[in-house]
2 protein chains.
Amino acid sequence: MGITIKDIANAAGVSFSTVSKALNDSPLVKPETKSKILKTAKELGYEPNFAAQRLVSKQSKTIGLVWPTVERAALSTLVTKINEEIEKHGYSMILSINPAASAVEMFRRFQVDGIIVFEENNNRLKVDFSPDLPVISYGAAHNQTVPVIDVNYKKAMYQAVHYLYELGHTNISYVGDFSPIDQRQIEKYKGFLEAMEQFNLDVNERSLINSGGLDWYDGYMATKRLLNSGFIPSAIVGGSYDISSGIIRAVREENLIIPKDISIIGYDNIPQMANLETPLTSVGVPVDELAKSIVHSLLKQMAEPNSLPLLQTLQPELKERASCAGTSHKS
Amino acid sequence: MGITIKDIANAAGVSFSTVSKALNDSPLVKPETKSKILKTAKELGYEPNFAAQRLVSKQSKTIGLVWPTVERAALSTLVTKINEEIEKHGYSMILSINPAASAVEMFRRFQVDGIIVFEENNNRLKVDFSPDLPVISYGAAHNQTVPVIDVNYKKAMYQAVHYLYELGHTNISYVGDFSPIDQRQIEKYKGFLEAMEQFNLDVNERSLINSGGLDWYDGYMATKRLLNSGFIPSAIVGGSYDISSGIIRAVREENLIIPKDISIIGYDNIPQMANLETPLTSVGVPVDELAKSIVHSLLKQMAEPNSLPLLQTLQPELKERASCAGTSHKS
DNA sequence: TTGTATGCGTTATCAT
DNA sequence: ATGATAACGCATACAA
């Protein structure tokens, strides 16, 4: 039971509707009364009742983010960036770590003005959105009804392989998660394959290493297996930030020098890549750009519904750091 | 502009207050009318307006969780568990990754029924809580006004050292973050020191290794330094899950066998510890218990304000897995 | 058992 | 420039 505008009205000796106007900085109220009202409001420690405001205004000025899996480094930074971007536009962000369906339902009740969904694996939202609630999804393209922000994973892999090829590498391995249910991973996998083909590079079982997971030790273990198979590629492409950090670890454990003995390039484009033991050259959409793109798209969708294309594909960039070098010998 | 109870009332040919009662499963309404109302409600796709419900009931049935730093494995699982526990009690959870002060302010506006704050480093909430909003904090004890759930870190370290001591270890090192601003880490550090003292074990600069951070490669690098200093302890205590996984990596890299050559015990008690390359014996409050305790305490505080002690300290447990063994030689 | 009336705190549309 | 009043969608005390 906090202070209401009526309390302020009493204290200031005006009507509550005048108080409302003053609080909303309406030009219809005399500056003197306005400042007096503001003053007593502060004195009384007034806090607007959000529920009431929403009930009448039908706006919550907040955006919900659905994030079913809370445990991945690259996504964590993306969430942080998205939050910053949202606040920059005068909105608040709330998170739910529930499955898409129930998270969305809850956000509806909270009357969020818009929703961002991180789609993961099979956590697709089959929910039929009432068309009035702007939703945008971040995830690989797939036939559905809400606009999705996608990343051109194939191009990313092309860039990675191309870059290595230009440096003279021909024995290139890919260490990543080949899970058949994660569309993002599938795209990377296929992208690598296509790129290798385009450059006429040999692909065999030792150039395709399934980490079977996205954690750093998945990448670590997979790389161990690769290196212990007796075949040492001259370059490795890592499927994600976490996986790549595992690759680096495994490679160093074999006393191979990066990038002298072996080059590493990883997917993802977050600042942390520079902080790894060996600053990692990487491909991917810069996380700031990703965040901006997601937020701006949603805002646009909120401003004018159905103004968004069903699919926006962001282009990756290559960022050179210190983990790749040329080969002297073309093997 | 969704369907309201008035729409249902019209469609069902009753008054809207009867609809309200029916929807709330009031015994005051005849079963037949009730089912009829429920049916037409479903037909029309009725969704209750949360803002209105809250405006009148002054309850949101949701709990806010403040989590300023989204990037730590052990905390991720804790958040997930807390979420489950909250839902189990008929509440929803929303997350904010903003600094405590602004997150709390936002939750207030959302009229959450209670707030859980993860305190980290210096991210203390100096906010003066209006006494009407139940808050509970998870973090090391410190003089403040809201009840906090603490963990007996000293006892945890005692258990760890005691366990190793019983196994015959005398050369024990601690690898952890010595940051002077993180109360939790300080407690662990001091706890280790005290335990060593109690068992009359020698403490020198090689038994206290500052990882300077909480990420896995912080633990990795610190352990590397330790092992390369020429001194190999017979056991290492890790300050956290992430750090410990880095320790394991570094130890294996030196071709030391766990636990034959060296024993490792880590702080934290989450299921993932069993999934590390070497299943890690650990001390800490089991994450389920922690989650339960946090949620139940908050719920209790919500039910009867000020019924909670300002400090509750949870006791850690030792969980044996496969990373510790006895020493044959008492050095 | 059902319906009527009132209020929750705010904004917005009228008058004044 | 200010105030009275309605409306937002719902719950509930009270009347029928």
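Predicted model, so just to flag it, every value in this text is computed and none were measured. The chains referred to below are lettered A, B, ... by the order of the sequence lines, with proteins before strands, and numbering in each begins at 1.
Rounded to whole Å, the distance from CG on A/N10 to P on D/dG3 is 12 Å. Between the CG atom of B/L55 and the P atom of C/dT6 there is a distance of 18 Å, rounded to whole Å. Atom CZ of A/R54 is separated from atom C1' of D/dC10 by 15 Å (rounded to the nearest Å).
Each salt bridge (Lys or Arg N to Asp or Glu O under 4.0 Å) pair with one or both residues in residues 82-103 of chain A, not counting sequence neighbours, appears once here: A/E85-A/K88.
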*Going through the checks in order, is the side chain to side chain contact (heavy atoms under 4.5 Å, CB included) test met by B/I82 and B/I294?*
CA-CA 8 Å; B/I82 287 179; B/I294 291 173; 3.9 Å; yes
*I would like to know whether A/K36 and A/E32 meet salt bridge (charged side-chain N to carboxylate O under 4.0 Å, His left out); could you show each step before the answer?*
CA-CA 6 Å; A/K36 189 176 75 178; A/E32 312 153 35; over 6 Å; no
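For the helix from C/dT1-D/dA16 to C/dT16-D/dA1, the terminal axes (five pairs an end, C1' atoms, rotation from four pairs onto the next four) enclose an angle of 50°, given to 10 degrees.
Which of C/dG3, D/dA4, C/dG9 sits closest to the side chain of B/S15 comes down to C/dG3.
For B/R54 and A/F50, the positive end is not near the middle of the six-membered ring at less than 6.0 Å and at most 45° from its axis.
B/E289 and B/N269 form no side-chain donor-acceptor contact under 3.5 Å, judged by distance and modelled atom types alone. Side-chain contact of A/S60 with A/D113: a donor-acceptor pair under 3.5 Å is present, judged by distance alone.
Taking NE2 of B/H89 as the start and CG of B/L299 as the end, the distance is 5.5 Å to the nearest 0.5 Å. Distance check: A/L133 CG to A/F107 CZ gives 10.5 Å after rounding to the nearest 0.5 Å.
Distances shown here put a side-chain N or O of A/K58 below 4.0 Å from the OP1 or OP2 atom of D/dG9. Distances shown here put a side-chain N or O of B/T18 below 4.0 Å from the OP1 or OP2 atom of C/dG3.
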*Report, as a single string ordered 5' to 3', how protein heavy atoms within less than 4.0 Å touch nucleotides 10-15 of chain C: B base, S sugar-phosphate only, - not at all.*
BBB---
